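Notes follow the structure.
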Amino acid sequence: MADPSPLTFLNLPEPARLSVYTLAGLVRPCPIDLLDTNTGELRSDGFHDGCWYVKRLRGVGASVEPGTRLCSCPQFPLALTLVSRQVRHEALDVLMSCNLFVVRVREGRPEMLAPLLTQIPAPHFARLTHLVIRLNCWPCPFGHDGLLSNMPENKCPLCGTDTKRGDPILSRSSPRSQLLLEAWEQVCRRLGSARLANLTLICDVDANDGDSYIISHLLGPLINYLPPLRNCNIRLGRSPTETNLASMARETALTLTRQSRPIGEPFPFGRLPIELKLLVLRYTHLGPPELAGYDHDFTRLHILNGRLTSRRLRGVSSRPMEKCCSACTVTFMDCCCPSSHASYSRTCGCRVLPMALFLVDRDTRLAAIQAFYPGSIFTLRHDNFASVLDVFPRIALPLLRNVTFELNPMQCYYWTGGAPTREHLPRHFAQISAAHSPTLPPGYNPSADFRAVLSALAARSYEDGSDTAPLALELDLLSPHVFVDLFIGDMDEDDEEQFRWTYDLYIDVARAVRESFQDTGGRLSSVRFRLATFTDLEPWLEREVLGERFVGTVQPATKGPRRILTERVPKYHVSEQGNSTTGN
C-alpha cells in the first residue's frame with residue numbers, strides 16, 4: 001500500500017489557511033495608511049503594544065508626542081506573496097478584506113488618489129471592505145485631528161505642523177478642486193466593483209456654493225456607482241451651524257445604507273397626551289443615554305458663561321477645549337461628530353440636543369422642558385455668579401435635580417481677597433491671571449453672588465406652590481490647584497500655613513451652602529466636594545452641610561501615610577474644629 005501524500009500547507013482546509021494568514025500578521029487591529037505620512041520606526045518584535053491605535057482600543061494612550069508614529073505594528077509578512085500563486089492570491093485577499101484602509105489626500109493633489117486608482121490590482125481591490133478617505137485635511141495638513149496633547153492650539157498634536165498649513169475648503173472657483181473632483185469620480189467608479197461595506201468620507205466644501213456644483217460632483221458619484229453599504233459616515237463642513245451641509249451628509253449616508261424613507265404626512269405629535277409626549281421625547285437626546293443612545297460621558301451638560309454645550313471638556317481654564325467622542329470613526333481621529341461639524345455618523349456617541357423642539361409651539365416647548373431638565377446634570381462655569389442662572393427658563397428652575405458649580409482660579413483669587421498673590425510667586429500668579437482672566441470689576445467678591453444663587457436654587461418652587469424634588473449639589477473646588485502645583489512634593493507641616501487661604505475658602509463655601517439652604521428651607525438630596533488640597537476634608541465638609549442626613553464616615557480611607565498638602569487634613573483644622581477628622 002502506497003504511503004499517503006505528505007501534508008502540505010495547501011492541503012489544509014481553507015479556514016485553517018485563513019487563520020494562518022491572520023496569525024502571521026496580515027490582519028492588523030489598526031488602520032493602514034496607504035500614503036503613510038507618519039514618521040518613526042516600525043517594530044520587528046511581533047508585538048502591537050506600542051501602537052497608538054491599539055492603546056486607544058484598550059482605552060489608554062490618548063496623548064501623543066510630536067513626531068510619534070501612530071502605527072508601530074510589525075511589518076506585513078509580504079514574503080508570503082512570493083511562495084506561490086495560490087498563496088499570493090489568498091494572502092492578498094485576506095489583506096484587503098480584513099483591514100481598514102485610510103487615504104488622506106491634500107486639496108488639489110489628485111495624484112494622491114493613485115493607491116485607489118492604479119496601484120492595487122483589480123482582483124484584490126474588489127475585496128476592499130473598509131475605507132476612510134479625506135479629500136482635504138484640516139486643521140493639520142496630514143489629517144491628524146482629534147488628538148489630545150499639550151501642544152499649542154495652532155500646532156498639530158501629532159507632528160507639530162502649523163495648522164495654518166491645513167487645506168482650504170473645496171470651492172468651485174478653485175481649478176485644483178475641480179481636478180480633484182474629476183479624479184474622485186474615477187475612484188467612485190472603481191469602488192463600485194469592490195465589496196465595500198464601511199465608508200467614511202471627509203471633504204469640507206463651500207457652504208455658499210449657490211448651484212451646489214461641488215456637492216453634486218462629490219456626492220453624485222457615491223450614489224451612482226457605490227453598492228449598498230453597511231455603514232457610512234460623511235462630513236461636508238467644519239461647523240455644525242452649516243445645517244444644509246449636515247442635512248445633505250445625512251441624506252446621502254442614509255441613501256447609501258438603504259435606510260432612507262420617503263417623506264409622508266407629518267405625525268400628529270401635538271395631539272398626543274402629555275404622558276406619551278414625554279415618553280417619545282425621552283428617546284431623543286433630551287432624555288437619558290440608556291434610552292437616547294448617546295455615550296454616558298455626555299450626560300453632564302456644561303454651561304460656559306451662558307453657553308450650553310453637551311461636549312466633553314478638558315482643562316480648568318476659562319476657555320476649555322472640547323474633544324471628540326472618538327467613536328464617530330474607527331480611526332479615533334478623523335472627526336465626524338455632528339456636534340462639531342456638518343456631518344453624519346451613526347456610530348457617534350456625542351449628545352446633539354434637538355433645540356428646535358423648544359421652538360415648535362408652546363405645548364411642545366413645555367413637554368421638551370419637562371423631558372430635558374429633570375434628568376440632566378448641569379455644570380455651571382461662569383465668571384460672574386450674578387447671572388449664572390439666567391440661562392435657565394424660569395419654569396425650568398423647579399425641575400433641576402443635579403447641579404455642579406465650578407470656581408475658576410480668578411474667582412478663588414477674588415473670594416480670598418487676593419491671598420494667592422501674597423502667598424505665591426508674583427510671576428507664577430501673572431501667568432495664571434493671563435490664562436484665566438474673566439472680565440470682572442476690580443474688588444469683585446463672588447461670595448455674595450454665590451450665596452444669592454444658592455438661595456435662589458433652594459427657594460425654587462412650582463407655580464402652584466408645591467415643593468420641588470431635593471437637589472443634588474456638587475462643588476468643584478479644584479481650580480486652586482493651579483496656584484499650588486509648583487509647591488507639591490516640596491512641602492512639610494511648617495509650610496501648611498501659607499496655604500491656609502485654600503482651607504478658609506473650603507470652609508466658607510461649605511458655610512454658604514449650609515446657610516443658604518437652611519434659611520430658605522431648601523432640600524438637598526446630596527452634596528459633594530471636590531478639593532484641590534487637603535482632600536481628606538471632603539467627607540467632613542459634606543457632613544457639615546448635610547448634618548444628620550449625612551451617611552458615611554469622615555475618617556479617610558486607610559491607604560498608607562497621607563500626603564502633605566494634597567491629602568492630609570491640616571493641623572490647624574484639628575485644633576480649630578476638634579478631633580473630628582484626622583489623618584496620619
Side-chain angles (χ1 to χ4, degrees), residues 35 102-113 116-117 131-146 163-191 196 198-226 229 231-257 260 324 328-329 331 333-346 348 350 352:
L35 298 177
V102 179
V103 178
R104 298 186 178 96
V105 180
R106 297 300 304 274
E107 189 268 344
R109 297 197 46 194
E111 67 274 9
M112 298 183 73
L113 290 171
L116 298 178
L117 287 174
L131 177 65
V132 175
I133 182 167
R134 298 186 68 156
L135 298 184
N136 49 9
C137 295
W138 176 90
C140 173
F142 302 106
H144 304 146
D145 58 353
T163 56
K164 295 180 180 179
R165 294 177 53 195
D167 290 339
I169 59 177
L170 260 65
S171 174
R172 184 176 184 178
S173 60
S174 171
R176 301 173 64 185
S177 296
Q178 299 194 32
L179 289 175
L180 184 61
L181 289 175
E182 293 175 3
W184 168 243
E185 183 173 2
Q186 299 178 36
V187 170
C188 290
R189 287 177 181 270
R190 198 165 192 235
L191 288 175
L196 198 62
N198 297 273
L199 173 68
T200 295
L201 169 65
I202 297 179
C203 182
D204 300 323
V205 304
D206 185 2
N208 299 318
D209 183 12
D211 57 1
S212 302
Y213 174 86
I214 295 293
I215 290 294
S216 60
H217 284 72
L218 178 67
L219 302 182
L222 287 177
I223 298 174
N224 294 334
Y225 301 121
L226 261 63
L229 303 178
N231 184 47
C232 182
N233 305 319
I234 297 179
R235 168 178 143 190
L236 298 178
R238 298 173 181 177
S239 172
T241 60
E242 298 170 333
T243 54
N244 59 327
L245 295 180
S247 298
M248 293 178 187
R250 176 183 176 86
E251 289 302 320
T252 303
L254 294 179
T255 300
L256 291 172
T257 55
S260 181
C324 172
C328 52
T329 58
T331 62
M333 55 186 294
D334 300 285
C335 182
C336 283
C337 292
S339 57
S340 299
H341 306 283
S343 60
Y344 171 78
S345 173
R346 192 179 66 177
C348 178
C350 292
V352 183

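All values reported here derive from a predicted model rather than from experimental measurement.
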Find the distance between [atom1] ([X]) and [atom2] ([Y]) and round it off to the nearest 0.5 Å.
X    : Y    : atom1 : atom2 : value
T200 : R134 : OG1   : CZ    : 11.0 Å
L117 : M112 : CG    : CE    : 13.0 Å
C336 : I202 : SG    : CD1   : 4.0 Å
N233 : T257 : CG    : OG1   : 10.0 Å

For this session: Run the numbers on L256 and L222 for side-chain contact (heavy atoms from CB on, under 4.5 Å), then give the verdict.
Result: CA-CA 8 Å; L256 291 172; L222 287 177; 4.2 Å; yes
Does [X] reach the side chain of [Y], with side-chain heavy atoms less than 4.5 Å apart?
X    : Y    : result
L116 : R190 : no
T331 : V102 : yes
C348 : C337 : yes
L191 : L131 : yes
L199 : L226 : yes

Donor-acceptor contact below 3.5 Å, side chain [X] vs main chain [Y]:
X    : Y    : value
D167 : C137 : yes
N136 : P168 : yes
N231 : R346 : no
R238 : E242 : no
W184 : L218 : yes
S216 : Y213 : yes

For this session: Go through the steps to decide whether L219 and L236 satisfy the test side-chain contact (heavy atoms from CB on, under 4.5 Å), and finish with yes or no.
Result: CA-CA 10 Å; L219 302 182; L236 298 178; 4.0 Å; yes
Where [X] and [Y] come nearest, the two heavy atoms and their spacing:
X    : Y    : result
P240 : P338 : CB-O, 3.5 Å
S345 : C328 : OG-O, 2.9 Å
S212 : M248 : OG-CE, 4.5 Å
C232 : L229 : CB-CD1, 4.0 Å

For this session: Start with the C-alpha gap between D334 and R104, add the side-chain angles, then the distance that decides, and say whether salt bridge (Lys or Arg N to Asp or Glu O under 4.0 Å) holds.
Result: CA-CA 10 Å; D334 300 285; R104 298 186 178 96; 2.8 Å; yes
Exercise. How far apart are the C-alpha atoms of L113 and I133, what are their side-chain angles, what is the distance that settles it, and do they pass the side-chain contact (heavy atoms from CB on, under 4.5 Å) test?
Worked result: CA-CA 9 Å; L113 290 171; I133 182 167; 3.8 Å; yes
For this session: Give a yes or no on whether R106 atom CZ has more than 12 heavy-atom contacts from other residues, nucleotides or ligands under 6.0 Å away.
Result: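 Correct, the count exceeds 12.
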Indicate every side-chain donor-acceptor pair of residues 175-182 with a distance under 3.5 Å to a residue at least two apart or in another chain.
residue : atom : partner : partner atom : Å
R176    : NH2  : E107    : O            : 3.2
S177    : OG   : E107    : OE2          : 3.1
S177    : OG   : S171    : N            : 3.4
S177    : OG   : S174    : OG           : 3.4
Q178    : NE2  : R172    : O            : 2.9

For this session: Would you check, one step at a time, whether the test side-chain contact (heavy atoms from CB on, under 4.5 Å) holds for Y344 with L254?
Result: CA-CA 9 Å; Y344 171 78; L254 294 179; 3.7 Å; yes
